[in-house]
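In what follows, every heavy atom counts, from backbone to side chain, and hydrogens, waters and symmetry copies are set aside. Lettering of chains follows the sequences in order, A, B, ..., and the numbering in each one begins at 1.
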Amino acid sequence: MKDIEIKGMVSAHAIIAITILLATLAPTLFVGNYSVYGTHLVWLYSCCSAVAAVNIALYALLGVSPTPKRHTLSYKVTKLFRSFMYFGFSCLIFHGIVVLYGAPLIESALETFSFAVLLSTFTTLRCICMLGPNVQAWIRVFSKNGAMSIWDTSLQITTLCSVIGAWFGAFPIPLDWDRPWQVWPVSCTLGATFGFVMGLLVAPSWIYWYRKHLTYKSK
Amino acid sequence: MRLRSSVFAALCLLMEVFGIALFLRGFFPIPVKSSFSAKNKVADMPAEPSAGPTSNWTQIPAPLFRKVVIMVIDGLREDFVFGEKGKRFMPFTRHLVEQGSSHSFIGRARPPTVTMPRIKALTTGSIPGFIDVVMNLNSPALLEDNLIWQAKEAGKKMVFYGDDTWLRLFPKHFMEHDGTTSFFVSDYTEVDNNITRHLDSTLKRDDWDMLILHYLGLDHIGHLSGPHSTLIGPKLTEMDDILKKIYTSLLSKEVEGALSSLLVLCGDHGMSETGSHGGSSDPELNTPLVLASPAFRRKVAYDLPNVVEQVDLTSTLAVGLGLPISQNNVGHLIFPVVEECSMREQLRFLHLNGFQLSRLLRDGTSAYEKDVGFEQFRVAEKSHGNWVKLYLEGNTSEVLNNMGKKVIRQYLDALKSMSSSLSKQLGKYDLYSMMVGTVIVFEVLFLLLLGMADALRSNAELDLPLSSSLCSLPSYLLCLLFSAVHVLVCTSTESSCYFCSLSWALAFAVIFFVTALLCVILSIMARKFSWEKPQSKAQSSADSGFSELDTLLLAGTLGHVLSLGASSFIEEEHQTWYFLVNTLCVAVLQDVCRKYFKETPEGGVCTPSKEDLEGSDYGSRLLKGQEKWLALATPLVTLACCRLLRSLNQTGVQWAHLPDFGHWLNSSEHNVELSFLASSSLVLIFLLIHKRCSMVSKIALGMGLLGVYSYRAAVGNVQFPWQQHGRDLSKGVLEARFVYVFVLGILFTGVKDLLKSQVVAPSREARSRGLWEVYSGLVLVVALLFRPHNLPVLVFTLVIQSLMSRFIWRGLKYDAAQTTIMHYWLGQAFFYFQGNSNNIATVDISAGFVGLETYVEVPAIFLTGVHTYAGPLLWATHLICHLSSEMQSSPSAMGHGCYCFAVLRSIPAALYVLLVTALRYHLFIWSVFSPKLLYEGVHTLVTAFICIFFTAMDQKRSAR
């Protein structure tokens with residue numbers, strides 16, 4: 001019964017994963033002496049924008065997001081505006097938390113903020129696409145037994161994986177190896193991206209594996 | 001035997017402390033010492049070896065130098081003289097090194113690169129063990145045979161100016177002295193001026209034979225702002241001028257035909273790139289060693305200085321002054337210094353040094369005859385004898401000269417290999433004692449882990465099958481087996497072993513103890529297995545109740561233990577704890593969101609305490625609404641506090657040199673800001689604690705905090721607004737004692753309340769007030785001991801504690817185990833927030849002098865301990881207060897908390913002991929792993945005391 005949904009998810013996730021790969025490789029064509037470490041922000045922005053574009057396109061096409069109750073233009077505009085606002089807020093909140101975790105306050109603020117944008121793209125943007133700008137729904141999804149569809153479960157898994165990836169990414173920073181990827185925030189962004197991709201791959205297989213145990217309450 | 005879990009935990013920790021102590025005794029090697037307790041005497045000196053008739057030269061050789069000036073510059077690293085900096089700032093010294101009549105070397109110090117062990121090394125010629133660093137706290141008189149003692153015995157007049165560590169090591173040795181303390185690290189001009197002001201008069205006089213100067217300023221600059229600071233240049237130039245002054249004055253006194261003088265410039269240790277020392281990196285180990293004397297040949301060409309051991313200076317100086325070489329010396333003569341002497345003298349000197357080394361070797365090792373160096377020395381001695389015979393026969397041919405050169409070469413080889421085999425013995429561990437210690441520590445850990453399920457049940461009691469397991473046949477057999485192993489090991493081992501050197505009764509008591517622990521563990525395991533089956537179902541259902549927070553707490557604890565395997569993670573352990581605490585806050589934040597802000601199916605936003613709300617009026621309902629937001633803010637405030645504190649004290653190794661807020665506050669131009677910060681912190685401390693105290697202790701607390709400020713003002717850290725600049729500083733003994741009186745008063749009322757609540761009228765209120773008073777007494781002591789820039793750490797501790805206990809621990813109904821783990825983590829984080837690190841150098845010894853006129857060992861160690869472990873102590877004590885107030889709802893909270901605390905300490909301690917054993921030949925073992933081992937040991941001791949306090953508090957519950 002869920003097989004078709006799972007297949008859809010596999011293809012959607014595969015598309016996002018491939019996008020990240022392409023976004024990593026594509027700038028070589030446009031930017032001189034491009035490398036993931038050296039011109040880290042270029043990679044970061046290309047990755048962010050590609051993931052954002054693909055996410056929005058995919059969920060608009062697939063229509064997993066809640067169907068709007070009203071079709072008036074003003075409603076749509078407010079919803080769009082709120083989505084943008086939420087995204088901005090989440091960037092700021094991530095930035096704040098990262099600074100509280102010990103990132104330099106002034107020195108590399110741009111890098112820190114870019115990292116926050118990347119994290120928001122991996123987590124908040126997907127929430128906005130799938131749940132709409134609705135904080136209550138977000139809290140519900142991220143509570144215990146709060147998932148109501150396999151998309152919610154996949155959202156949980158990918159978000160958790162990206163955050164944990166970024167969290168683990170911070171580990172090598174204190175080591176004294178003097179490697180280019182230990183520079184702030186390279187290891188964290190790479191960790192977050194790796195975690196996100198792992199989440200994308202793990203989510204469908206996990207859901208497939210546990211499809212017998214997953215029982216969703218109706219909305 | 002039934003035991004309450006708190007008693008059991010405290011007992012376990014005490015046993016663990018014993019195990020760790022045994023391990024430490026085996027781990028820190030005791031340096032090779034000569035077995036003769038007497039010092040080397042002139043009469044003991046061997047005569048010149050001779051093959052034929054006895055030599056006519058049996059007395060000690062005459063000194064080579066008339067006067068010796070030793071100038072020690074603390075923290076002078078090799079490139080300050082031989083490198084780019086030396087060229088720029090020390091022109092005279094460079095000139096002396098490159099073209100003057102001097103010999104220059106790179107003197108390689110041995111870790112630990114801390115001043116007192118280095119002074120010991122320079123004067124005794126031995127290599128002090130790592131354990132001497134710990135003894136750096138108090139440096140009692142040096143009893144070992146040493147150069148200074150020998151010089152005094154020989155009737156040399158010595159003058160000393162500089163670091164007063166020398167005066168403590170050599171009391172009554174100097175004819176004239178003026179010690180400066182390295183008490184105020186922020187002062188780098190006065191300390192040196194205090195030395196230099198004596199120079200002119202001393203140099204003019206002619207009544208001394210040896211002048212020792214120890215300049216501290218450079219090291220202070222290093223500690224303040226690192227080796228690349230702009231302050232370094234002027235300081236080096238100052239030192240250069242002083243050197244020039246001394247040298248020209250020595251030159252002017254040269255008399256034709258008489259002996260000339262010697263000037264020695266050396267550093268006791270170097271300076272790392274961050275400006276600290278204590279470790280074993282090259283910049284810390286390499287110090288310059290320049291010997292200048294008109295007696296030396298002028299340099300023709302300058303080539304790079306050779307590397308010698310720092311201890312080589314001792315024997316060289318002894319020879320130069322015509323003194324017996326001290327007994328435990330492991331260095332060998334720096335040969336270029338005696339090159340100008342006649343062949344016969346050169347050989348005599350080498351023989352004396354070789355004889356001393358061979359004797360030390362014979363005492364230290366059983367298989368000395370097989371040692372290569374010892375054999376070489378025998379051969380060299382024999383050919384030396386032949387040479388003397390020829391010489392006395394009047395042979396003066398070229399053959400004699402060539403033969404002499406050959407003997408010198410033989411001697412030098414022998415000295416080198418003897419010296420190296422002596423220093424190698426330092427690396428030997430007493431593995432047997434270490435193993436016994438490890439076994440005890442692990443048995444305790446297993447016992448704690450096995451008992452965990454029982455101890456954390458609601459009745460918090462454990463059933464120990466003590467008598468049944470002890471009175472069984474296997475236990476006797478095991479005991480016999482272990483005794484047999486002990487006898488076998490002790491009779492077969494070659495090197496000395498501490499555990500074997502214990503008296504038999506004591507050793508067997510320990511063996512019996514180990515056996516008893518093992519038997520108890522085995523019987524508990526047996527019981528567990530037989531009970532396993534019927535319980536397995538219940539267990540699995542309990543496991544599924546793990547929340548994300550539990551997972552985080554467990555994973556964090558284990559992850560931290562695993563991270564200790566990497567030296568960088570030990571150096572930067574504070575990062576691990578900050579990271580974990582931050583993650584904890586974020587997890588708590590998410591928990592708060594979930595519990596307070598989740599939409600219920602009915603549509604409203606529910607608060608978790610719905611039952612509490614029933615029957616309450618509108619006002620408290622409104623309060624609940626506010627509480628929701630305050631609960632949300634608490635983790636965020638905690639995060640913000642942690643971030644602020646992190647920038648207060650930059651610690652660790654890699655980034656320790658970065659400027660931090662604490663340095664900014666401590667610089668003299670920001671004294672007003674510091675005073676303001678300190679006073680407002682003290683006011684905040686008062687506001688935060690006074691509410692739950694009784695009236696008497698409230699007043700005492702206020703007075704005490706006032707006393708803290710006036711103490712800091714008296715010492716000169718802060719100032720009163722009405723105060724003029726440039727007041728004399730005192731030690732502030734009176735003010736500090738004033739505070740101690742109030743501390744004792746508060747503690748007394750607290751204990752009185754506690755006793756009253758137990759004996760006279762059992763009331764929960766008096767009990768929690770008593771506990772809180774004990775806690776505020778501790779806060780007052782810590783406020784006194786903390787440096788003024790650290791007072792915000794104390795304020796933030798109190799803020800976080802009061803917020804968390806109100807809104808999080810109580811509000812979200814975390815159980816005792818979770819609360820304990822959080823307290824432990826925060827305690828660890830605050831240990832580093834206050835500026836500690838896993839390096840011995842960051843222990844603030846000055847805390848041990850607060851309120852004391854002179855150094856008194858017991859209170860000084862106690863105060864330093866309290867100051868260093870202030871963070872963990874405060875959090876643990878708060879945990880006791882918190883849990884005792886929870887006791888109404890869960891009476892076993894105290895037992896659970898105590899047990900968790902013990903387990904949390906035992907796991908890292910036990911695994912770290914194992915790790916250190918495995919890594920004992922690691923490159924960083926002395927610089928990174930051993931200091932951490934000491935910290936772990938002391939931390940376990942502190943935790944044991946806390947657990948005993950826990951037990952005492954828990955007992956009152958049962959008495960009630």
Heavy-atom distances under 4.5 Å only: say whether [X] touches chain A with side chain, backbone, both or neither.
X      : answer
B:V581 : neither
B:Y578 : neither
B:T583 : both

Tell me whether B:K932 is salt-bridged to B:E573, with the criterion being a basic N under 4.0 Å from an acidic carboxylate O.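 Yes.
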Using salt bridge (Lys or Arg N to Asp or Glu O under 4.0 Å) as the criterion, list what pairs up with B:E673, not counting sequence neighbours.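 Residues passing salt bridge (Lys or Arg N to Asp or Glu O under 4.0 Å) with B:E673: none at all.
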Residue [X] versus chain B: region with a heavy atom under 4.5 Å:
X      : answer
A:F142 : backbone
A:P172 : neither
A:V135 : neither

Under 6.0 Å from the CZ atom of A:F194, do we count more than 12 heavy atoms belonging to anything else shown? no
Would a 4.5 Å heavy-atom cut-off, applied to side chains only, mark A:M198 and A:S162 as touching? no
Heavy atoms, side chains only, cut-off 4.5 Å: are B:L639 and B:R643 in contact?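 Contact flag for B:L639/B:R643 side chains = no.
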Ring centre gap for A:F115 and A:W184 strictly below 6.0 Å: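 Distance test on ring centres: under 6.0 Å, yes.
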Ring centre gap for A:F87 and A:F84 strictly below 6.0 Å: no
The single option from B:D660, B:N836, B:N790 that satisfies side chain to side chain donor-acceptor pair (under 3.5 Å) with B:N649 is B:N790
Using a heavy-atom distance cut-off of less than 4.5 Å, which residues of residues 163-170 of chain A contact chain B? A:W167, A:A170
Dump the intermediate steps for side chain to side chain contact (heavy atoms under 4.5 Å, CB included) on A:L155 and A:L131, then the final yes or no. CA-CA 10 Å; A:L155 191 64; A:L131 305 169; 3.8 Å; yes
